[in-house]
Amino acid sequence: MSDVKNVGAGAVVLSVEGVRKKIGRKWIIDDVTFDVREGEIFGFLGPNGAGKTTTIRMLVDLIRPSKGQITVCGYNVNRNPEQALQYVGSIVENPEVYTYLTGWENLQHFARMQPGVDEARIAEVVDIVRLDQRIHDKVSTYSLGMRQRLGIAQALLGRPRLLILDEPTNGLDPKGIKELREFIRKLADEGLAVFVSSHLLSEIQLLCDRVAIISKGRVLAVGGVTELVARNSPYVLWELEPFAQSVQILSKRPDITILQLEEVTLDDSVIAGMGERSLITVMDEELIPEIVAILVAAEIEVRAVHKINPTLEQLFLKLTEGETID
Amino acid sequence: MINLLPLIRNECLKIIKKKRFYVILLILLILVPMFTYAQMKVAERSQNKFNSDWRLEVQQQITDNQNSLGSDRIPEEWKAYRRIFVQQLQYYLDHDVNPNEPSGVTFTREFLDNSVSLFIPLLIMAVASDLVSGERTTGTIKMLLTRPVKRWKVLFSKMTALLMFVSLIVLSTFLVSYLVSGLFFGYKGFNVPIFTGFQINGDSVDMTAVHAVPQWKYMLMQGGLIWFVSVVVALLAFMVSVLVRSTAASIVVMMAALIAGTILTNMASAWTTAKYLFMVNLGLTGYLAGTPAPIEGMTLSFSLAVLAVWGAVAVIISFAVFTKRDILN
């Protein structure tokens with residue numbers, strides 16, 4: 001496991017130490033360790049079935065770890081749930097609330113389950129998630145996005161110091177996703193520690209400060225998103241004519257590696273825009289102007305040069321050595 | 001630290017908002033008039049037949065039953081039951097008390113007697129069977145258990161709410177059947193004497209302990225027993241709903257147990273260890289009326305003890321499982 005120094009410098013709110021979980025004979029979670037600090041958005045990234053939801057359920061005492069310990073603000077979640085969980089707001093998987101109650105009744109219900117939440121606080125969170133128009137309607141009439149917001153309102157009720165969101169963008173439209181992202185950022189800026197799980201790499205990249213990458217129940221890496229990404233050189237996509245000659249020129253350079261199409265995983269949008277005779281290289285982006293000049297001097301038509309930003313997906317593939325995503 | 005009271009309030013609120021209790025009331029309001037009407041038809045017919053003389057009617061019942069005792073086609077168990085029945089009828093006749101005096105109160109008493117082992121448990125299951133499994137089916141259990149509240153408190157609040165509603169269901173069954181049947185038979189009859197204390201030994205009845213109590217007192221005793229049966233059934237249904245994830249499965253398990261009880265009760269006697277099963281012990285009110293127990297060796301205190309043990313075990317299992325179990329989905 002590699003570690004990159006933290007970005008945020010706040011106090012540790014959530015600490016997970018050597019957590020393992022055995023279900024049946026199988027170790028579903030095999031050694032997960034990380035910290036989440038005040039004011040940061042911490043991403044928890046992994047393919048489906050990697051153990052993200054199981055880990056989240058352990059964070060909120062729905063599942064007891066077989067080994068290791070989880071502490072929130074210094075309280076052990078499994079031994080002192082009454083103390084630890086009052087600092088935690090969470091949505092595990094979907095925001096499941098009582099559909100036969102109104103939004104307001106749901107919030108009242110959850111308010112009665114934690115200390116120090118009065119009607120004024122309920123009105124406040126309703127305002128925060130902007131549900132005030134429909135809050136007195138039955139939840140069964142809500143759209144998925146509204147239920148998501150009600151779920152967040154419920155999570156914020158007890159003025160938590162740690163917010164846990166499991167795949168929060170599931171089922172939201174692009175506009176909703178953007179709003180949610182801004183909203184989460186605002187909460188983190190106010191000092192909340194936010195823990196977000198996702199199988200969408202771009203999502204984590206856009207949202208999170210730090211990330212833990214999990215696969216098959218193990219944390220492969222923990223670090224700042226930008227630092228982890230910086231470890232990878234970008235791909236550069238070329239469309240050159242004539243093809244054979246350009247391959248010859250590029251392969252002579254020691255600082256350029258030509259990749260076979262099969263070895264790389266790219267976003268569908270990139271693949272769709274690619275010509276049949278595209279070349280993909282790994283190289284320092286600073287070299288691009290120089291290489292273009294060389295190619296032009298050799299009378300090669302440079303039809304397109306396209307820098308593809310490194311993604312967590314590449315990093316992930318590197319770490320897991322080709323395990324497929326999804 | 002969260003107090004239990006708001007939690008119990010939550011659970012009651014959910015039961016009410018889920019409209020389970022209204023459904024139960026609705027069922028009662030539809031079924032009770034039907035039973036009352038049927039009962040009225042029976043009363044009308046016998047009145048025409050015996051010219052309103054109940055003594056003739058009881059005498060006829062005794063003769064009919066005695067005649068059937070001579071028949072070879074009737075199984076021995078039934079004959080024993082009829083012999084006891086004949087002796088009881090004779091006792092009523094000797095003491096000049098009409099056992100079938102039609103009134104709203106009598107109807108209610110008989111209706112409660114008949115509904116204690118299946119109908120009332122069924123109504124209770126409508127509330128009890130999805131208290132926990134319902135939260136698991138919809139996934140709201142995750143919201144419930146991630147609050148800073150110990151799990152035993154969550155379960156305790158559910159159980160308390162359940163027991164409150166069980167009491168309410170028993171009370172409303174009584175009220176609805178009294179109010180509805182009173183429309184047909186009149187609301188009087190609380191002071192009619194009812195005999196209780198029949199001791200059954202084999203196929204004869206020991207009358208020494210028999211005494212008359214006013215019907216209202218009889219019904220109080222009956223109500224207590226029905227409430228006890230209901231609580232035990234509720235606790236068992238509650239346990240099943242903790243153990244099983246889906247509400248449908250939870251209902252099926254309890255229904256199967258209850259119906260198995262009715263079948264076993266009718267098969268009777270041959271398999272004596274069946275008397276330790278809770279479902280054959282539900283007919284507690286039969287001991288008051290002097291109906292022979294389905295299996296030999298069963299007495300009121302025996303049945304109470306068996307039910308109490310089943311109920312206690314159900315509570316222990318519910319709490320042990322609920323507080324330990326991982327919520328995986």
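We name chains A, B, ... by the order of the sequence lines, and we start the count at 1 in each one.
When side chains are defined from C-beta on, B/K153 counts as touching A/E82, because their heavy atoms get closer than 4.5 Å. No side-chain heavy atom of A/Y98 sits less than 4.5 Å from a side-chain heavy atom of B/M143. When side chains are defined from C-beta on, A/L62 counts as touching B/T146, because their heavy atoms get closer than 4.5 Å. Taking the side chain as every heavy atom from C-beta outward, A/L85 and B/V149 never approach each other to under 4.5 Å.
Heavy atoms closer than 4.5 Å to chain B are found nowhere in A/I164, neither backbone nor side chain. Of the atoms belonging to A/V77, not a single heavy atom falls under 4.5 Å from chain B. Looking at A/R64, the atoms closer than 4.5 Å to chain B (heavy atoms on both sides) sit in the backbone and in the side chain alike. With a threshold of 4.5 angstrom between heavy atoms, B/R151 approaches chain A through side-chain atoms but not through N, CA, C or O. Contact of B/L144 with chain A is made through backbone and side chain together, with heavy-atom distances under 4.5 Å.
Around atom CH2 of A/W27, more than 12 heavy atoms belonging to other residues, nucleotides or ligands sit under 6.0 Å away. Applying the 6.0 Å contact sphere to CZ of B/R325 captures more than 12 heavy atoms from other residues, nucleotides or ligands. Residue B/Y178 places its OH atom among more than 12 non-hydrogen atoms of other residues, nucleotides or ligands, all under 6.0 Å distant. The 12-atom threshold is exceeded at CD of A/E190, counting heavy atoms of other residues, nucleotides or ligands nearer than 6.0 Å. Around the OH atom of A/Y75, the shell of radius 6.0 Å holds no more than 12 heavy atoms that belong to other residues, nucleotides or ligands. Atom CZ of A/R218 is surrounded by 12 or fewer heavy atoms from other residues, nucleotides or ligands within 6.0 Å.
No donor-acceptor distance shorter than 3.5 angstrom exists from the side chain of A/R112 to the backbone of B/R9, with no hydrogens or angles considered.
In this structure, NZ in B/K17 is found 7.0 Å from OG1 in A/T102, a value given to the nearest 0.5 Å. Annotation: the span from A/M113 atom CE to B/N10 atom CG amounts to 6.5 Å, rounded to 0.5 Å. Note that CG of A/D166 and NZ of B/K142 are 8.0 Å apart. Values are rounded to the nearest 0.5 Å.
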Practice prompt. Go through the steps for B/L7 and A/H109 under the test side-chain contact (heavy atoms from CB on, under 4.5 Å), then give the verdict.
Written response: CA-CA 8 Å; B/L7 299 182; A/H109 173 276; over 6 Å; no

Item to complete: Please assess A/Y100 against B/K14 for the test side-chain contact (heavy atoms from CB on, under 4.5 Å), listing each intermediate value before the final yes or no.
Response: CA-CA 8 Å; A/Y100 50 85; B/K14 282 188 273 184; 3.6 Å; yes

Worksheet entry | Working for side-chain contact (heavy atoms from CB on, under 4.5 Å), residues B/I327 and A/V92 | CA-CA 11 Å; B/I327 307 295; A/V92 180; over 6 Å; no

Discussion item. Using the rule given for side-chain contact (heavy atoms from CB on, under 4.5 Å), can you reason through A/Q154 versus B/R147, listing the C-alpha separation, both sets of side-chain angles and the distance that settles it, and then say yes or no?
Written reply: CA-CA 10 Å; A/Q154 169 277 134; B/R147 302 296 89 220; 3.3 Å; yes

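Between B/D326 and A/K21 there is a salt bridge, with a side-chain nitrogen of the basic residue lying less than 4.0 Å from a carboxylate oxygen of the acidic one.
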